[in-house]
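Notes follow once the structure below has been shown.
Order of the sequence lines sets the chain letters (A, B, ...), proteins ahead of strands, with each chain counted from 1.
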Amino acid sequence: MSDKVDKLRKQALREQQKRIKPGECLKYVRMVMDTGFMGQEVLQQLASTDLKYELRSLPLSHCIFWERNVGQQTLATGTTNSGLDDAWQRENQVVQWLSESSFLQAVKRQYLACIGPQLRDAFPDCQYTVVVPKLRHGKNSSSANQDALIELQLLQELHVEQLDRPESQNLFAFLQRYTKSIAEAPYKKQRNESMGCFKKYLANDKKQCVRVDQGNGFGRLWQQHLNRLPLVTLEVAESIIAQYPCPKKMLDHFSDDPDAVQTLADMKIRRCNGPQPLQTERRIGNVLSNKLYTLYNARDPNTLI
Amino acid sequence: METRLEVRLREPNPLFTRWLERWLREAERRQQKSQFKLRLALEALKSYPLPLYSGRDCAVLRGFGGTLCQLIDEELRQHRGLSLVTATTTAATSSVQYEQQVQKVVKRVQEAQQDQRKPAKPAKAPKPKKLTKKEQLELAAAEERERFVEMIPGSFEILLLVDTQETSGKNKRVLDQTRSYLESFGAKHEVRRLTIGDFLWIAKDRAGNELVLPYIIERKRMDDLASSIRDGRFHEQKHRLKQSGLRHVIYLVEDYGDNEQLGLPLDSLQQALANARVQTGVQVVRTENHYRSMSYLASMTRSLQQIFARKTLQSVERGVVPSSHCLVTSSTIGLLKFRALYEDSAKNAQLTVREVFVQQLLQLHSLSLERAIAIVELYPTPRLLLEAYDNCPGPKEASQLLAKIPCGPLERPLGEKISQCLYEFYKREFR
């Protein structure tokens, strides 16, 4: 019986993974737009893509938000996968369009401060982006306009996007980008959770991977391992490898010999250019030697190197 | 009523001047090329009216590049030896204390001038004294960290901090341009080494306490953005900024000409910026050029000054900064201390054993990040993995120790091949 539960669970996991995969995920997300304000050009452009959208009468005008198709509830035992109603879950991004005239009027009549509270009232607990067309410079009191936008960002904690002309085309592109971002957000979140404890983003080192085939390539791999430490240059790595061609040798030395760290520190670095007058650092040095010792002997993973 | 003291020194930097003169003479004697820059620097120093306390401070002057500043700091370290004591002040903001501090400054300068008249370098500095001085400094630093700081409205000013390395191109010319633009907008600012971010704002009171406003700016020109996305730095940097403890992270993204020739399609960059907003929650502000970027910063400085002028500011610890802060309604705002932020982010730049271990594991082809993380979950350090190998009944079992570990959200097993590979790598002797 538990086998079946496990199977269902795995199936649900696979289904969930499929839905959030970049590319696929776009099929499960749709825009919900306030009726009336979206021009024909944008709607036509939308129709020519695969992006899904719906027009509704929203509590606040000129707004757009997103919904995701979450399908069946996962991990429900005993339910079959028949064609029930799709469940749509609202995403936490809201975009409001502010035309140039509306914006200028709001600044002039000083009710720009209402924008934030109105958005929060109509759509609580979301991230809000206000889209305005890029203001033409040279208009009188343009610095007042800039200040007004800054206040939207600072005081009201809204994102502001300024669109170049032609407006409708750029608005469409903007909505496309946001939709993609929102669609892929769960996938990114999942990746970041497993990586959350790592301060440095680690995935950019993949270019120099070593292929190991039946023991060939271990030498190269060992060198790459050593290179992960910040103080290790090519010459340093080669000098270490000359003494310890495999990690086992170094580890054995550390465990057998109490003076191993000092011996390692005093090891000379073979310079490729031959002897030169102003050579500092002919030795491996105490710092690096201790780091290597720490790396291979620490039991607390949070030890700083 | 306060009176403004204007202290003008006839020779504000005798020490540095003498050193520069000495180095210049050396360079001239040896016909070295450095003499030209040294002469320029010396001229700039001579016409600068304020006392400078370190080589780094000299960076603001013409002709003082990185090397020269470092040389001065080196010389200063040797010369100064033991005479540096940081002032430990209490949180009181009385004018008497302030006057005392001015007196201290004057006295220190006079002492420096006097030191100058003694030609001999005190080579035999009594070594044991150094230890207690270090302890004194450490005590002072610890006290500063613990102390609660409060600033009531009117007792502080908001200052923009510009990172010394803030440029795309990392040269002094661009830094000078940044500063001259900011000055032309009347934005009061200070250049400092920041361990995180390009621009910050601090609230500074008379006693010298500094609290950081919850905004951190990273300025990126479009070509920088493209190259940092390609080599993965972008994500790392975003992550670091989010972890800084400052709530509002703002990317100030500046056009590079007409944004062609960036190394990545413009579309990709715009998508990356949208992702930064939607997925990471950072603000993105686009500007057309350096001038407009500085204009934005100047306006932001003004707005912040207005907003925070009427607030009471209090120091808080890192974990305690509330995540939702309504600027409009709260009259008291909790802020981090600048020193704390500086030290924390400097520390964050260091690696842990776990991180290096993961990076090492990733070096093996077909060992993905998911798999590496799964391994490290069970065996967080190399030592723990090796001990697990030793605890296995035999080599056959040890070689399969990792094979069944579930990896990633789909929980796929690591596999026999990788498990065996790692075992042999760590346990076999090879050349």
How are the rings of A/Tyr178 and A/Trp66 set to each other: parallel, tilted or perpendicular (split at 30° and 60°)? tilted
Hey, does the Lys NZ or Arg CZ of A/Arg90 hover above the aromatic six-ring of A/Phe65, less than 6.0 Å from the centre and inside 45° of the axis? yes
Between A/Asn227 and chain B, with a heavy-atom cut-off of 4.5 Å, which part of the residue counts as in contact: side chain, backbone, both or neither? neither
With chain B, the option among A/Ala173, A/Ala298, A/Gly217 that has the most non-hydrogen atom pairs under 4.5 Å is A/Ala298
How about residues 405-413 of chain B versus chain A: which residues have heavy atoms under 4.5 Å apart? B/Pro409, B/Leu410, B/Glu411
Excluding sequence neighbours, so at least two apart, what forms side chain to side chain donor-acceptor pair (under 3.5 Å) with A/Tyr296? B/Gln360
Which portion of A/Gln93 sits near chain B, non-hydrogen atoms under 4.5 angstrom: side chain
Taking side chain as everything from C-beta outward and backbone as N, CA, C, O, which of these in A/Lys291 sits under 4.5 Å from a heavy atom of chain B? Side chain, backbone, both or neither. neither
Could you look at A/Glu184 and say if it's the side chain, the backbone, both or neither that has a heavy atom under 4.5 Å from chain B? both
Among all residues two or more places apart in sequence or in another chain, which pass the side chain to side chain contact (heavy atoms under 4.5 Å, CB included) test with A/Thr49? A/Leu51, A/Phe172, A/Gln176
Counting heavy-atom pairs under 4.5 angstrom with chain B, the leader among A/Lys248, A/Arg299, A/His225 is A/His225
Between A/His159 and A/Tyr128, ring centroids under 6.0 Å: no
Applying a heavy-atom distance below 4.5 Å, give me the residues of residues 380-390 of chain B that approach chain A, sorted by number. B/Pro380, B/Thr381, B/Pro382, B/Arg383, B/Leu384, B/Leu386, B/Glu387
Quick one: of B/Leu304, B/Val284, B/Ile250, B/Ile307, who has the most non-hydrogen atom pairs under 4.5 Å with chain A? B/Ile307
Please classify the contact between A/Leu149 and chain B as side chain, backbone, both or neither, with a heavy-atom cut-off of under 4.5 Å. neither
Between CG on residue B/Asn259 and CD on residue B/Glu254, distance to nearest 0.5 Å: 10.5 Å
Checking heavy atoms, do the side chain of A/Glu161, its backbone, both or neither come under 4.5 Å from chain B? both
